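Okay, structure first, notes after.
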Amino acid sequence: MKLLSLALLVSLVSADTFYTAKDDVIQLNAYNFKDVVFNSNYSSVVEFYAPWCGHCQNLKNPFKKAAAVSKDYLQVAAIDCDAAENKKLCSDYHIQGFPTIMVFRPPKFDPTSSTNRRSGAHANEVYSGARDTKSIVEFGVSRIKNYVKRVSPNNINQTLGNSEKTQLLLVTGKTKPSALIKSIALDFLNDIESFFYPFNNKTKKALATRLEEYQQSFTGESITSPSILVLHENEIHLFDGKLDKLSISKFLAEFSIPLEGPLSKRGKFLEHIRRGIKPARKAKKGKTGKQTKNHDEL
């Protein structure tokens, strides 16, 4: 009788219904794990779970919320270790209890390299903190790779406007770059250099002077915090839209093709996985390929 009840529970709580296409959790398996986790400059927070596990059930809602609030700057994903196809992968990562949360952090990325642009393998670690949304997100954010360089009055003349590349500048009242601006830097890492400038009464004059030197017709004193500027071919372009991921990405897409993020090919690939859509395969001779459904603000 107990075995029958357990079998019924497993059938009701199946892998297909644990996280659904309405959630922002990326559903991983042995076949897409490498493409999602390792072919990215984003850090990934991955839950290794079993559908029948009570602790996994308790984590489900906090983990779904973590995916929803951080989807702009983290890859929050899950893999069912009870599925036969995934057992070897879970074993490779020495998963011995459920749920186990691991964080994968990418190596340094060199956009100037024409061959191997990632130096080394992803680092990984087991998350041992509290199993609530805030704690999980904060830990993931602490593992985001940072390509946003700090500009100050001391180095502004040597930094801004002294590159052949397009430059993105976030003017902010904060002393550290936000997770959102870090993710945007990752998206446009190929062609755009990203900087942030802590803005206050002591630093605003140096910024205004440098911007006016770069473009004489620009009024540097008009800059307030927060602001986003692009320095491109001796012209300053001031972003005047909503300070969200999609709006900023559309603005930057006028200057560069993104590697990742909502406007990239990879962004569409991840969205298909989130929504349970298999990408179309190339058709073999005599057959037709089909597309199948698998049931900080600044």
Side-chain angles (χ1 to χ4, degrees), residues 21-26 36 40-45 62-77 106 109 133-134 136-151 166-199 207 211 222-232 235-275 296-298:
K22 295 180 180 180
D23 303 324
D24 292 297
V25 178
I26 303 171
V36 173
S40 175
N41 290 312
Y42 276 61
S43 293
S44 299
V45 180
F63 202 71
K64 285 164 61 175
K65 291 177 183 177
V69 301
S70 67
K71 64 181 179 180
D72 284 341
Y73 43 84
L74 285 172
Q75 294 189 154
V76 178
F109 180 85
T133 299
K134 184 174 183 290
I136 293 169
V137 171
E138 285 181 348
F139 187 82
V141 167
S142 74
R143 298 302 188 264
I144 296 175
K145 209 78 174 176
N146 182 23
Y147 291 91
V148 186
K149 300 175 183 177
R150 181 188 180 105
V151 181
T166 298
Q167 294 182 325
L168 163 68
L169 177 66
L170 168 66
V171 179
T172 175
K174 299 180 180 180
T175 57
K176 295 181 180 179
S178 66
L180 178 59
I181 202 67
K182 285 181 182 178
S183 73
I184 290 170
L186 293 176
D187 293 345
F188 292 89
L189 197 55
N190 208 34
D191 297 313
I192 296 179
E193 294 178 336
S194 298
F195 302 91
F196 80 102
Y197 188 86
F199 186 84
L207 176 63
L211 293 177
S222 65
I223 296 299
T224 58
S225 170
S227 293
I228 291 178
L229 303 87
V230 165
L231 282 67
H232 177 75
E235 289 188 4
I236 297 172
H237 303 262
L238 181 61
F239 174 68
D240 61 358
K242 289 179 63 178
L243 294 174
D244 59 47
K245 178 76 174 256
L246 183 58
S247 300
I248 298 170
S249 297
K250 287 180 178 179
F251 173 65
L252 294 178
E254 298 178 15
F255 308 97
S256 173
I257 298 173
L259 293 173
E260 303 192 57
L263 301 181
S264 67
K265 291 181 179 180
R266 178 173 174 81
K268 294 177 182 177
F269 162 73
L270 291 178
E271 191 62 20
H272 281 175
I273 293 178
R274 281 192 182 97
R275 305 310 169 205
D296 195 62
E297 297 180 354
L298 293 170

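Computed over heavy atoms, backbone and side chain alike; hydrogens, waters and symmetry mates excluded. All of these numbers come straight from a predicted model, not from anything done at the bench. Start at 1 with the first residue, then count along the sequence.
- Within the 4.5 Å cutoff, the side chain of L252 has heavy atoms near those of the I184 side chain.
- Shown here are the side chain to side chain donor-acceptor pair (under 3.5 Å) partners of T166, two or more places apart in sequence or in another chain: H232.
- For K268, there are no side chain to side chain contact (heavy atoms under 4.5 Å, CB included) partners, not counting sequence neighbours.
- Residues S227 and F239 are not in side-chain contact: their nearest non-hydrogen atoms beyond the backbone lie 4.5 Å or more apart.
- Closest non-hydrogen pair, L74 versus G140, comes out as CD2-O, 3.4 Å.
- Side-chain contact between F196 and R150: present, with at least one pair of heavy atoms (C-beta onward) separated by less than 4.5 Å.
- Listed by chain and number, the residues in a side chain to side chain donor-acceptor pair (under 3.5 Å) with S247 are D244 (sequence neighbours excluded).
- By the neighbour-count criterion of 12 heavy atoms within 6.0 Å, atom NZ of K65 is sparsely surrounded, having that number or fewer from other residues, nucleotides or ligands.
- I192 contributes atom CD1, which lies 11.5 Å from atom CG of L231 (distance to the nearest 0.5 angstrom).
- Listed for the R274 side chain is a donor-acceptor partner under 3.5 Å among the backbone atoms of D24.
- Contact detail for S264 and P258: the closest heavy-atom pair is CB-O, 3.6 Å.
- In this structure D72 satisfies the salt bridge (Lys or Arg N to Asp or Glu O under 4.0 Å) test with no other residue, sequence neighbours excluded.
- The neighbour count for L238 CG, taken as heavy atoms of other residues, nucleotides or ligands under 6.0 Å away, is above 12.
- Under the 3.5 Å distance criterion, the side-chain polar atoms of S70 are matched with a main-chain donor or acceptor of A66.
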Check your understanding: Where do D187 and Y73 land on the side chain to side chain donor-acceptor pair (under 3.5 Å) test, with the steps shown first?
Key -> CA-CA 10 Å; D187 293 345; Y73 43 84; over 6 Å; no
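- Distance check, rounded to the nearest 0.5 Å: CG of L259 to CG of N190 gives 4.5 Å.
- Partners of S43 according to the side chain to side chain donor-acceptor pair (under 3.5 Å) rule, which considers only residues two or more places apart in sequence or in another chain, do not exist here.
- In this structure, the ring of F251 has its center no less than 6.0 angstrom from the ring center of H237.
- Formation of a donor-acceptor pair under 3.5 Å by the E260 side chain with backbone atoms of S40 is not found in this model.
- Summarising the geometry, atom OH belonging to Y42 is positioned 9.5 Å from atom CZ belonging to R266; distances are rounded to the nearest 0.5 Å.
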Review point. Yes or no on side chain to side chain contact (heavy atoms under 4.5 Å, CB included) for E138 and S142, after CA distance, side-chain angles and deciding distance?
Key: CA-CA 6 Å; E138 285 181 348; S142 74; over 6 Å; no
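- In terms of heavy atoms, Q75 sits closest to V36 at NE2-O, 2.9 Å.
- By the 4.5 Å heavy-atom criterion applied to side chains, K149 and S194 are not counted as neighbours.
- Partner I181 forms a side-chain contact (heavy atoms from CB on, under 4.5 Å) with one of L168, N146, L243 and no other, that one being L168.
- Of all heavy-atom pairs between Y197 and L169, the closest is CB-CD1, 3.9 Å.
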Point to revise | salt bridge (Lys or Arg N to Asp or Glu O under 4.0 Å) between D23 and R275, worked out | key: CA-CA 8 Å; D23 303 324; R275 305 310 169 205; over 6 Å; no
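- Crowding of K71 atom NZ: a count of heavy atoms from other residues, nucleotides or ligands under 6.0 Å not exceeding 12.
- At distances below 3.5 Å, at least one donor-acceptor pair connects side-chain atoms of T172 with backbone N or O atoms of K174.
- A ring-ring contact (aromatic ring centres under 6.0 Å, His included) check over residues 168-191, counting only residues at least two apart or in different chains, returns nothing.
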Exercise for review: Please test L263 against K250 for side chain to side chain contact (heavy atoms under 4.5 Å, CB included), starting from the C-alpha separation and ending with a verdict.
Suggested key: CA-CA 8 Å; L263 301 181; K250 287 180 178 179; 3.9 Å; yes
Check your understanding: Does the side chain to side chain contact (heavy atoms under 4.5 Å, CB included) test come out yes or no for F63 and V76, once each step is laid out?
Key -> CA-CA 8 Å; F63 202 71; V76 178; 3.5 Å; yes
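- Using a 4.5 Å heavy-atom cutoff, the side chains of F195 and Q167 are in contact.
- Contact record, I144 with L186: CG2-CD1, 4.4 Å, taken as the closest heavy-atom pair.
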